[in-house]
Amino acid sequence: MSHDTHTPTKASAPPRLGLAFFRQDAITVARGLIGSTLVRRYRGRLRRARIVETEAYVGPHDLACHAAKGRTARTSTMYLPGGHAYVYFIYGMYDMLNVVTGPADDPQAVLLRAAEPLDAWPADLSGPGKLTRALHITRAQDALDLTGPALHFLPCPSPAPEIAITPRIGVDYAQHWKDAPLRFLDAASAAVSRRIRARYPLTSETRP
DNA sequence: GCATCGATGGTG
DNA sequence: ACCATCGATGCA
């Protein structure tokens with residue numbers, strides 16, 4: 001095609017999710033990442049995984065969001081424009097991978113909680129700490145550009161999966177925000193138990 | 001299936 | 001003194 005701006009010599013590499021996607025609000029991005037492909041290049045090796053669980057942290061007014069405590073050394077990357085990684089260390093052992101969303105100085109993020117390995121890669125990615133460990137993602141990737149070669153996303157193929165919505169995990173301290181429906185799951189994934197499906201039936205298929 | 005607990009260290 | 005976790009253990 002005459003107006004194709006990428007990869008003119010190689011045949012169609014799939015388009016990455018770009019800035020227009022990441023600069024949307026955290027809820028939209030959290031939903032949109034379900035079924036998308038996470039691509040990680042580490043020491044010359046390529047790993048791919050299909051995202052099946054995310055959580056949205058929607059801003060300083062969200063008492064479960066790290067930005068609720070204001071701008072600190074740890075949380076400053078959340079204030080970058082959407083499309084950067086926010087990676088933090090917790091419980092003395094685990095790194096958590098988040099996608100910063102929204103415009104600059106609007107600290108929202110999406111936590112990646114679970115994925116399914118692709119390409120017959122035998123890994124357990126069912127949990128945010130396990131996901132980062134398997135993909136070799138640490139604080140060294142904090143503030144990394146998520147449209148670059150080391151770590152990026154490919155859009156969810158259509159049709160988009162059905163999505164279950166529940167409260168977030170591990171935020172019981174967050175007063176009324178602990179119950180906010182901000183966790184998104186691929187309802188058909190093995191990562192979603194029967195109990196979750198029974199308690200949190202699918203919300204109506206929302207507008208695209 | 002569910003509840004409880006300890007590991008382990010950055011953070012404010 | 002927490003904490004956006006995990007794996008082991010115990011019990012049903």
Side-chain angles (χ1 to χ4, degrees), chain A residues 22 25-34 36 38 40 49 51-80 82-102 106-117 122-144 146 151 153 163-186 189-200:
Chain A
F22 294 117
D25 64 276
I27 291 174
T28 302
V29 172
R31 276 198 80 113
L33 284 176
I34 298 297
S36 74
L38 174 61
R40 167 63 167 154
I51 295 171
V52 297
E53 180 181 353
T54 61
E55 283 176 358
Y57 290 82
V58 298
H61 58 291
D62 172 3
L63 297 181
C65 182
H66 289 171
K69 299 201 164 63
R71 187 172 191 151
T72 67
R74 179 175 67 157
T75 63
S76 64
T77 65
M78 284 187 84
Y79 292 76
L80 294 173
H84 295 265
Y86 167 47
V87 185
Y88 66 89
F89 186 65
I90 193 154
Y91 297 125
M93 293 178 236
Y94 301 107
D95 290 288
M96 302 281 108
L97 172 61
N98 295 253
V99 175
V100 176
T101 76
D106 183 352
Q108 307 181 47
V110 173
L111 171 66
L112 269 45
R113 291 192 56 90
E116 297 169 343
D124 178 5
L125 309 178
S126 60
K130 290 192 277 191
L131 186 153
T132 53
R133 183 157 294 181
L135 290 164
H136 299 100
I137 291 164
T138 70
R139 283 161 290 171
Q141 280 70 52
D142 188 38
L144 183 69
L146 292 179
L151 193 58
F153 300 84
I163 292 176
I165 305 180
T166 83
R168 294 170 292 185
I169 302 297
V171 296
D172 287 353
Y173 62 86
Q175 301 175 44
H176 64 283
W177 281 94
K178 80 177 163 59
D179 299 314
L182 293 173
R183 177 175 176 235
F184 302 86
L185 307 113
D186 174 356
S189 168
V192 184
S193 69
R194 289 184 82 91
R195 189 181 67 79
I196 293 291
R197 278 199 288 270
R199 184 144 146 66
Y200 301 100

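Order of the sequence lines fixes the chain letters, A, B, ..., with proteins taken first and strands second; residue numbering starts at 1 for each chain. Nothing here was measured: the structure is a model prediction, and the numbers come from that model. All values below were derived from every heavy atom in this structure, side-chain atoms included, with hydrogens, water molecules and symmetry-related copies excluded.
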For [X] against [Y], the heavy-atom pair lying closest together:
| X | Y | answer |
| --- | --- | --- |
| A:Leu111 | A:Leu97 | CD1-O, 3.5 Å |
| A:Leu112 | A:Leu33 | CD1-CD1, 4.1 Å |
| A:Pro181 | A:Ile165 | O-CG2, 3.5 Å |
| A:Thr77 | A:Ala143 | CG2-CB, 3.9 Å |

Separation of [N] [atom2] from [X] [atom1] (nearest whole Å):
| X | N | atom1 | atom2 | result |
| --- | --- | --- | --- | --- |
| A:Leu125 | C:dC6 | CG | C1' | 15 Å |
| A:His66 | B:dT11 | NE2 | C1' | 10 Å |
| A:Met96 | C:dT5 | CE | C1' | 6 Å |
| A:Glu53 | C:dC6 | CD | C1' | 14 Å |
| A:Glu55 | C:dC3 | CD | C1' | 14 Å |
| A:Ile90 | C:dA1 | CD1 | P | 18 Å |
| A:Tyr173 | C:dC3 | OH | P | 7 Å |
| A:Arg71 | B:dG12 | CZ | C1' | 17 Å |

Using a heavy-atom cut-off of under 4.0 Å over every strand shown, decide if [X] touches base, sugar-phosphate, or nothing.
| X | result |
| --- | --- |
| A:Met93 | base |
| A:Arg133 | nothing |
| A:Arg74 | sugar-phosphate |

Could you measure the distance from the CG atom of A:Leu80 to the CZ atom of A:Phe22? Nearest 0.5 Å is fine.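 It comes to 14.0 Å.
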Determine whether a donor-acceptor pair (one donor, one acceptor, N or O, separation below 3.5 Å) exists between the side chain of A:Tyr88 and the base of C:dA4. yes
Please state whether the phosphate of B:dT11, meaning OP1 or OP2, lies under 4.0 angstrom from any side-chain nitrogen or oxygen of A:Lys69. no
Taking 4.0 Å as the cut-off, does a side-chain nitrogen or oxygen of A:Arg139 come that near to OP1 or OP2 on B:dG10?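 A:Arg139 to B:dG10 OP1/OP2: no side-chain N or O under 4.0 Å.
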Among the candidates C:dA4, B:dG10, C:dC6, find the nucleotide nearest to the side-chain atoms of A:Lys130.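 My answer, after comparing the listed nucleotides, is C:dC6.
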Which nucleotide in the set C:dT5, C:dG7, B:dG12 lies at the smallest distance from any side-chain heavy atom of A:Pro128? C:dT5
Considering Watson-Crick and G-U wobble pairs with both distances under 3.5 Å, what does B:dA3 pair with? C:dT9
Is the aromatic ring of A:Tyr91 within stacking range of B:dG9, meaning centres under 5.5 angstrom and planes under 30 degrees? no
Between A:Tyr94 and C:dT5, do the rings stack, that is, sit under 5.5 Å apart with planes less than 30° off each other?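 One would not call A:Tyr94 stacked on the C:dT5 base.
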